[in-house]
Amino acid sequence: AQTVTQSQPEMSVQEAETVTLSCTYDTSESNYYLFWYKQPPSRQMILVIRQEAYKQQNATENRFSVNFQKAAKSFSLKISDSQLGDTAMYFCAFLPVGAGSYQLTFGKGTKLSVIP
Amino acid sequence: DTGVSQDPRHKITKRGQNVTFRCDPISEHNRLYWYRQTLGQGPEFLTYFQNEAQLEKSRLLSDRFSAERPKGSFSTLEIQRTEQGDSAMYLCASSLDTGGEAFFGQGTRLTVV
């Protein structure tokens, strides 16, 4: 079974600054996907960024980038130039590939507040 | 297509009653997931369908819970003899293929009184 740990229940950042959210995971699988999802208050969850485990290059999407350390089983999210609209819960998630399991396993989330 | 749709958005029921929720995934998506989310927690996996086949079910899922996806289109999640501990947000998501983005619906918030 996979586990995903987000050790920061809450974080805050000043508008326009940079913040990094941490995520570690535990698995015996060699092939998998990692995701960061954003859940704004009272709104549905949306995908922020995705990383394929076999790709060494870190994924980036505009102001969002990840630091994927496969050996350390670490997958942090960096948000640059933080905006008020980034205020949300952020969930790290793990999906195994070809292991007979289809569970997208989530961490408990980090509540990010962007302060004007 | 406007995304994953869930109905109802809110449901209040008395303990012991049965409830049924519906999820309409994005039309071309063959994969469908149900999750449960309680306040301050991440979504917890309940079950997974590939087309009409239910391929995985959480070991945590009580036998009071049942899900169907007839003809590989919409899905229903039924909870029988509801308990107060069933109060949660029930999320549905769909995706096209392995590793593909899972699109989530807005959820059904269940309150058992």
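Labels below follow one simple rule: chain letters A, B, ... track the order of the sequence lines, proteins then strands, and each chain is numbered from 1. Everything quoted here is computed from the prediction, not taken from an experiment.
- Other residues, nucleotides and ligands place no more than 12 heavy atoms under 6.0 Å from the NZ atom of Lys111(A).
- Under the 4.5 Å side-chain heavy-atom criterion for grouping Ile, Leu, Val, Met, Phe, Trp and Tyr, Tyr90(B) is not connected to Tyr33(B) through any hydrophobic cluster.
- By the neighbour-count criterion of 12 heavy atoms within 6.0 Å, atom CD1 of Ile12(B) is sparsely surrounded, having that number or fewer from other residues, nucleotides or ligands.
- Pairs passing the salt bridge (charged side-chain N to carboxylate O under 4.0 Å, His left out) check and including a residue from residues 30-39 of chain A, sequence neighbours excluded, do not occur.
- Applying the salt bridge (charged side-chain N to carboxylate O under 4.0 Å, His left out) test to Lys71(B) and every residue at least two apart in sequence or in another chain returns nothing.
- The parts of Ala102(B) that come within reach of chain A are both its backbone and its side chain, each placing non-hydrogen atoms under 4.5 angstrom from that chain.
- Of all residues spanning residues 41-50 of chain B, those with a heavy atom less than 4.5 Å away from chain A's heavy atoms are Gln41(B), Gly42(B), Pro43(B), Phe45(B), Tyr48(B), Gln50(B), arranged by number.
- Contacts between Gln39(A) and chain B at a heavy-atom distance below 4.5 Å involve the side chain alone, from C-beta outward.
- Interface remark: Ile46(A) contributes no atoms to any contact with chain B (heavy atom separation under 4.5 Å).
- If you tally non-hydrogen atom pairs under 4.5 Å between each of Arg43(A), Met45(A), Glu52(A) and chain B, the highest count goes to Met45(A).
- Cluster membership for Val19(B) and Leu61(B), using ILVMFWY side-chain heavy atoms within less than 4.5 angstrom, is shared.
- Residue with the most contacts toward chain A among Gly105(B), Ala93(B), Gly107(B): Gly105(B) (heavy-atom pairs, distance under 4.5 Å).
- Crowding of Lys108(A) atom NZ: a count of heavy atoms from other residues, nucleotides or ligands under 6.0 Å not exceeding 12.
- Neither the backbone nor the side chain of Phe103(B) comes within contact range of chain A, judged by heavy atoms closer than 4.5 Å.
- Within a 6.0 Å sphere centred on CZ of Arg15(B), heavy atoms belonging to other residues, nucleotides or ligands number 12 at most.
- Within the model, atoms OG of Ser95(B) and CG of Leu47(A) stand 11.0 Å from one another, a figure rounded to the nearest 0.5 Å.
- Within a 6.0 Å sphere centred on NZ of Lys57(B), heavy atoms belonging to other residues, nucleotides or ligands number more than 12.
- Here the closest non-hydrogen pair linking Gln37(B) and Phe91(A) is NE2-CZ, 3.4 Å.
- Note that CD of Gln103(A) and OH of Tyr35(B) are 7.0 Å apart. Values are rounded to the nearest 0.5 Å.
- Residue Tyr90(A) belongs to a hydrophobic cluster whose other members are Val4(A), Met11(A), Val13(A), Val19(A), Leu21(A), Tyr25(A), Tyr32(A), Leu34(A), Trp36(A), Val48(A), Ile49(A), Phe64(A), Val66(A), Phe68(A), Phe75(A), Leu77(A), Ile79(A), Leu84(A), Phe94(A), Leu112(A), Val114(A), with links defined by side-chain heavy atoms closer than 4.5 Å.
- To the nearest 0.5 Å, atoms OH (Tyr33(A)) and CD (Glu101(B)) are separated by 13.0 Å.
- No single ILVMFWY cluster, assembled from side-chain heavy atoms under 4.5 Å apart, contains both Phe74(B) and Leu91(B).
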